[in-house]
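Structure, as structure tokens:
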There are 2 protein chains.
Amino acid sequence: MTDINFKDSDRVDERAPAAARPVLTDVPEGPVRWDIIELLFFAYRDFVGDADHVLEAFGFGRAQHRVVHFVSRYPGLTVADLLDVLRITKQSLGRVLKQLLDEGYIVQKAGDSDRRQRLLFATAKGEALVVKLAGLQTDRISHALRGMGPGEAEAVSKFLRAMIDRDDPDKVLQTILQAKAGASAKDVT
Amino acid sequence: MTDINFKDSDRVDERAPAAARPVLTDVPEGPVRWDIIELLFFAYRDFVGDADHVLEAFGFGRAQHRVVHFVSRYPGLTVADLLDVLRITKQSLGRVLKQLLDEGYIVQKAGDSDRRQRLLFATAKGEALVVKLAGLQTDRISHALRGMGPGEAEAVSKFLRAMIDRDDPDKVLQTILQAKAGASAKDVT
DNA sequence: AAATTTATGTCAGTCATGTTGACATATCTG
DNA sequence: CAGATATGTCAACATGACTGACATAAATTT
């Protein structure tokens, strides 16, 4: 088999004068974190891979998973909320959402205070799918956290939170970031 | 959740029939880790978002980023290696690779022991792009790790490693997983 | 030496999911 | 009432996955 020639891992970052990055500009220069960058890639690749196999049997893809997941977790989410979370266009969302509605994974209900809004709710069928997929992903997470102390698990959570953009958080993100130890996260509206 | 798809036909003929997922099956039931699942989603969304803006200016997408990143980091990677890492088909890779070759971000060289192989190397231009993008992502990582103790940072690394499938790791993954605390690993074979 | 396997490339078509732009409808708000 | 807002929809297009089939050169096996 072919050898891979390895380069110096932690090279000094000598980028051009870091242009206009509003956030994060005050971060001091340091070695490039190739390790974390690549671990994140592989970890996320395998993390989402868990769900893919099940989704295929349902004729769904990741787009459907994301939508039904967040609707299930945050009942009463509006279309606009969902657009903020997923960062896609309403046309893209519309197509995926229509499938989930047609196949009975999600239902809509007009908002009571604002009847233009379409509040989204997962059906029992939708809930079941979400729980199944989240169970697979939880298996992987539990496996990864096994043997780690509570302080270490807390460090993981703290790290992930700090990786997320805090400027202009949407409703769902706000809920997640505010959720401290063991707060149940339902009801966004 | 962003990209990184699965499915392989064409290649992986000799791989073990991943029918039974041997790992992770013995994990006991427990509460669903909604928190980590969603934190991973948002963290990864923003993590890859950093690079997206720069890539757009180059007329590239995430596919090109992944390819030039791994080629730059692991010079002499073969096409087959890259397919293992990215988990895409050779047809998909071919298109993206051709662009990077045509535009001078990557060069090929026939393998010396096996002249059928095309060893891939990043050019200075390719290196520069990779370092620029990795710098942005490092900024975010450094920001997230700031204020965390060395034990906590180690916990993050340990968690991410444990999130990755260990069965049948490809060459690149093996290298990454073997690299212990700050060791600049060279020569695995 | 011949046959087979392997590493890679390529043509051709399809699908999923993202995009933009334009426009319609209902409803809320000043 | 006038305008802004929340949502839906039509149409076209781009990217990056996919499948299947086939081609070539080089290595390996028989």
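None of the values given here were measured: they were computed from a predicted structure.
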Within residues 99-118 of chain A, residues whose heavy atoms come under 4.0 Å of DNA chain C: A:S113, A:D114, A:R115, A:R116

Quick one: [X] [atom1] to [N] [atom2], roughly how many Å, whole number?
X: A:L83; N: D:dT5; atom1: CG; atom2: P; value: 16 Å
X: B:K171; N: C:dA7; atom1: NZ; atom2: P; value: 10 Å
X: A:L93; N: D:dT9; atom1: CG; atom2: C1'; value: 13 Å
X: A:R62; N: D:dC18; atom1: CZ; atom2: P; value: 10 Å

What do you reckon, are the aromatic ring centroids of A:F159 and B:F159 less than 6.0 Å apart? no

Taking the six-membered ring where the residue is Trp, are the ring centres of B:Y44 and A:F47 under 6.0 Å apart? no

Starting from the first five and the last five pairs of the helix from C:dA1-D:dT30 to C:dG30-D:dC1, work out the angle between the resulting helix axes, to 10 degrees. 30°

Sub-3.5 Å donor-acceptor pair from the side chain of A:S72 to the main-chain atoms of A:V130, do we have one? no

Just compare C:dT8, C:dT17, D:dA17 and give me whichever is closest to any side-chain atom of A:A63. C:dT17

Closest listed nucleotide, where the reference is the side chain of A:V79 and the choices are C:dT8, C:dT19, D:dT7: D:dT7

Remember a base hit wins even if backbone is also touched, and classify A:Q64 as base, sugar-phosphate or nothing at under 4.0 Å, heavy atoms. sugar-phosphate

What does A:G61 touch in the nucleic acid at a heavy-atom separation under 4.0 angstrom: a base, only the sugar-phosphate, or nothing? sugar-phosphate

Could you walk me through whether B:Y74 and B:D81 satisfy the side-chain contact (heavy atoms from CB on, under 4.5 Å) test, starting with their C-alpha distance in whole Å, then the side-chain angles of each, then the deciding distance to 0.1 Å, before giving a yes or no? CA-CA 10 Å; B:Y74 304 94; B:D81 293 333; over 6 Å; no

Audit row: A:S157, A:R161, side-chain hydrogen bond (donor to acceptor under 3.5 Å, both in side chains) steps and yes/no: CA-CA 6 Å; A:S157 177; A:R161 285 168 195 273; 3.3 Å; yes

Is there a donor N/O on one and an acceptor N/O on the other, under 3.5 Å, for the side chain of B:K90 and the base of C:dG9? yes

Is the phosphate of C:dT19, meaning OP1 or OP2, less than 4.0 Å from a side-chain N or O of A:T89? yes

Give a yes/no on whether any side-chain N or O of B:S92 is located under 4.0 angstrom from OP1 or OP2 of D:dG16. no

Show the distances under 3.5 angstrom between N or O atoms of the protein and N or O atoms of nucleotides 10-14 of chain D.
none

